[in-house]
Amino acid sequence: MTDTSYVSAEIRTQPDLWRQMNDSIAQYAAILPGAGQRVAVVGCGTSWFMGMAYACLREDSGQGLTDAFAGSEFPFGRPYDAIVVISRSGTTTEVLDLIRRTELPTIAITATPGSPIVELADQTIMLDFADEQSVVQTRFATTTLALLRASLGFGEDLVQAAKDAEHALTVDVTELAALEQVTYVGTRWTVGLAHEAGLKQREAAAAWTEAYPAMDYRHGPIAIAQPGRGVWIFGEAPAGLLDDVAATGATIVHHPDLDPMASLVIAQRVAVAKALSLGLNPDQPRSLTRSVILA
């Protein structure tokens with residue numbers, strides 16, 4: 001099937017968008033929490049997973065306690081200096097309810113001018129140039145993470161990530177898309193990427209995927225590994241994991257020479273390829289809409 005999907009076109013724009021974020025970080029950095037502040041980052045689905053990555057990066061770089069929550073699970077009453085809220089549409093029910101209920105300062109990252117979140121949040125970072133026509137999120141999510149990485153001082157890493165992503169756009173994904181099942185694993189900030197990669201296949205191709213912290217993968221989930229299935233590792237593989245997976249006969253997918261965000265680009269492309277091979281429209285996932293708005 002010829003690929004004319006919006007999502008594939010949007011995937012291809014990511015390297016340039018990441019560079020744009022790195023080059024323009026000065027205009028956004030002052031809005032985001034400063035070093036030493038206690039921060040919660042909140043989102044739903046893909047936005048939550050980007051928040052998970054940011055939380056680990058921020059803490060691991062010594063910039064302050066940072067927790068990530070799904071929009072419905074925020075612990076009201078816990079002391080934070082600020083809440084970073086991520087929502088592409090700016091209309092997600094759980095996120096808007098959170099902003100209405102909290103008295104803490106809120107910083108929204110969105111792609112939709114005029115959306116309710118813009119009025120409700122105390123400050124807004126508008127990434128409308130990274131918005132998408134596809135229901136399936138790709139470039140808004142990674143551009144948000146690029147913004148957050150750059151704000152933490154990882155600009156040089158982001159420059160390399162963009163180069164690696166250009167390579168990721170050329171990788172043949174045919175064999176990866178043919179795998180029956182894939183489990184994605186990561187460590188620290190790449191756990192969020194693992195969850196996001198799994199979500200892309202579930203959304204676009206209605207495929208069975210799972211995601212775990214890499215060290216926890218051997219505590220049960222490895223039981224489903226077998227020939228014809230895959231284990232996709234983001235970032236550095238913990239000692240012994242590659243050997244343990246190889247012993248199951250499962251296909252190991254690991255890009256140790258690429259920035260983990262570039263590996264996510266490959267995973268996005270695999271999701272689209274799998275959807276197309278099954279005759280599905282990757283832009284319109286089953287039972288999903290651009291934003292979840294609850295009555």
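Just so it is clear, the model here is predicted, and its values are computed rather than measured. All residue numbers refer to positions in the sequence shown, counting from 1.
- In this structure, R88 and R139 have side chains that are not in contact, with every pair of non-hydrogen atoms separated by 4.5 Å or more.
- Applying the ring pair (Phe, Tyr, Trp, His ring centres under 6.0 Å) rule to F69 yields the partners F74; only residues at least two apart in sequence or on another chain are considered.
- A heavy-atom distance below 4.5 Å is not found between the side chains of R100 and T106.
- In this structure, the separation between CG on L145 and OG on S47 is 11.5 Å, given to the nearest 0.5 Å.
- Under the 4.5 Å side-chain heavy-atom criterion for ILVMFWY residues, no single connected hydrophobic cluster contains both V39 and L104.
- In the hydrophobic clustering of this structure, M50 groups with L152; members are Ile, Leu, Val, Met, Phe, Trp, Tyr whose side-chain heavy atoms approach within less than 4.5 Å, directly or through other members.
- R58 places a side-chain N or O within donor-acceptor distance of the main-chain N or O of Q63, the cut-off being under 3.5 Å.
- Ion pair K163/E166 not flagged as a salt bridge, since none of the NZ, NE, NH1 or NH2 atoms sits closer than 4.0 Å to an Asp/Glu carboxylate oxygen.
- By the 4.5 Å heavy-atom criterion applied to side chains, I266 and L258 are counted as neighbours.
- The closest side-chain heavy-atom distance from L179 to T251 is below 4.5 Å.
- Listed by chain and number, the residues in a salt bridge (Lys or Arg N to Asp or Glu O under 4.0 Å) with D216 amount to none (sequence neighbours excluded).
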- Message: Test side chain to side chain contact (heavy atoms under 4.5 Å, CB included) on T112 and D131; report intermediate values, then the result.
- Response: CA-CA 7 Å; T112 311; D131 202 357; 4.2 Å; yes
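- Here the options are R12, R19, Q20, the test is side-chain hydrogen bond (donor to acceptor under 3.5 Å, both in side chains), and the partner is D16; only R19 passes.
- There is a side-chain donor-acceptor pair under 3.5 Å between Q160 and D164.
- Between S89 and S115, the closest heavy-atom pair is O-CB, 3.3 Å.
- Partners of H255 by ring pair (Phe, Tyr, Trp, His ring centres under 6.0 Å), not counting sequence neighbours, listed by chain and number: W232.
- Proximity of a side-chain donor or acceptor of H254 to a complementary backbone N or O of G235 within less than 3.5 Å is detected.
- No single ILVMFWY cluster, assembled from side-chain heavy atoms under 4.5 Å apart, contains both Y80 and I109.
- No more than 12 heavy atoms of other residues, nucleotides or ligands shown are found within 6.0 angstrom of CD on E236.
- Residues M126 and A111 share a closest heavy-atom pair of SD-C, 3.8 Å.
- Between T190 atom OG1 and M261 atom CE the span is 12.5 Å, to the nearest 0.5 Å.
- The two residues A271 and A205 make their nearest non-hydrogen contact at O-CB, 4.0 Å.
- Considering only heavy atoms from C-beta on, P285 comes within 4.5 Å of V136 through its side chain.
- Residues L169 and P15 form a side-chain contact, since some pair of their non-hydrogen atoms from C-beta on lies under 4.5 Å apart.
- A donor-acceptor contact closer than 3.5 angstrom links the side chains of T183 and Q181.
- Membership of an apolar cluster is not assigned to V159, as no side-chain contact below 4.5 Å to another ILVMFWY residue is traced.
- I86 and I83 fall into different hydrophobic clusters, where Ile, Leu, Val, Met, Phe, Trp and Tyr are joined by side-chain heavy atoms under 4.5 Å apart, directly or via other members.
- Residue I25 holds its CD1 atom at 8.5 Å from CD of Q27, rounded to the nearest 0.5 Å.
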- Task: Take F76 and R101 through the test side chain to side chain contact (heavy atoms under 4.5 Å, CB included) and record every step on the way to the result.
- Result: CA-CA 9 Å; F76 290 95; R101 288 183 60 188; 3.3 Å; yes
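- Of all the heavy atoms in A225 and T248, the pair that sits closest is CB-OG1, 3.4 Å.
- Judged purely by distance below 3.5 Å, without hydrogens or angles, the side chains of T142 and Q14 pair a donor atom with an acceptor atom.
- Between S87 and G90, the shortest heavy-atom contact is OG-N, 2.9 Å.
- Between L176 and V253 the shortest side-chain heavy-atom distance falls below 4.5 Å.
- For the atom pair OG (S151) and CD1 (I125), the distance works out to 8.0 Å, reported to the nearest 0.5 Å.
- Residue pairs meeting the ring pair (Phe, Tyr, Trp, His ring centres under 6.0 Å) criterion with at least one member in residues 114-169, sequence neighbours excluded, do not occur.
- Side chains of K200 and T46: a donor-acceptor N/O pair is present below 3.5 angstrom, by distance only.
- Using a 4.5 Å cut-off between side-chain heavy atoms of Ile, Leu, Val, Met, Phe, Trp and Tyr, W208 falls into a hydrophobic cluster with I224.
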- Start with the C-alpha gap between L98 and V42, add the side-chain angles, then the distance that decides, and say whether side chain to side chain contact (heavy atoms under 4.5 Å, CB included) holds. CA-CA 9 Å; L98 164 63; V42 176; 3.6 Å; yes
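- Separation of atoms CD (Q123) and CD1 (I31) is listed at 5.5 Å; rounding is to 0.5 Å.
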- Decide yes or no on side chain to side chain contact (heavy atoms under 4.5 Å, CB included) for Q133 and D283, but give the supporting numbers first. CA-CA 8 Å; Q133 290 182 269; D283 289 326; over 6 Å; no
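- Within the 4.5 Å cutoff, the side chain of D67 has no heavy atoms near those of the V41 side chain.
- The CD atom of E196 sits 11.0 Å away from the CE atom of M52 when rounded to the nearest 0.5 Å.
- If you chain together hydrophobic residues whose side chains sit under 4.5 Å apart, L193 and I233 never meet in one group.
- Under a cut-off of 6.0 angstrom, the local environment of CD in Q226 is crowded, with over 12 non-hydrogen atoms contributed by other residues, nucleotides or ligands.
- Here the side chain of E59 pairs a donor or acceptor atom with the backbone of T66 at under 3.5 angstrom.
- Under the 4.0 Å criterion applied to side-chain N and carboxylate O atoms, D3 and R269 are not assigned as salt-bridge partners.
- More than 12 heavy atoms of other residues, nucleotides or ligands sit less than 6.0 Å from atom CH2 of W189.
- Heavy-atom neighbours of E175 CD from other residues, nucleotides or ligands within 6.0 Å: at or below the threshold of 12.
- Side-chain polar atoms of Q201 and Y184 form a donor-acceptor pair below 3.5 angstrom.
- Contact record, T209 with G198: OG1-O, 2.8 Å, taken as the closest heavy-atom pair.
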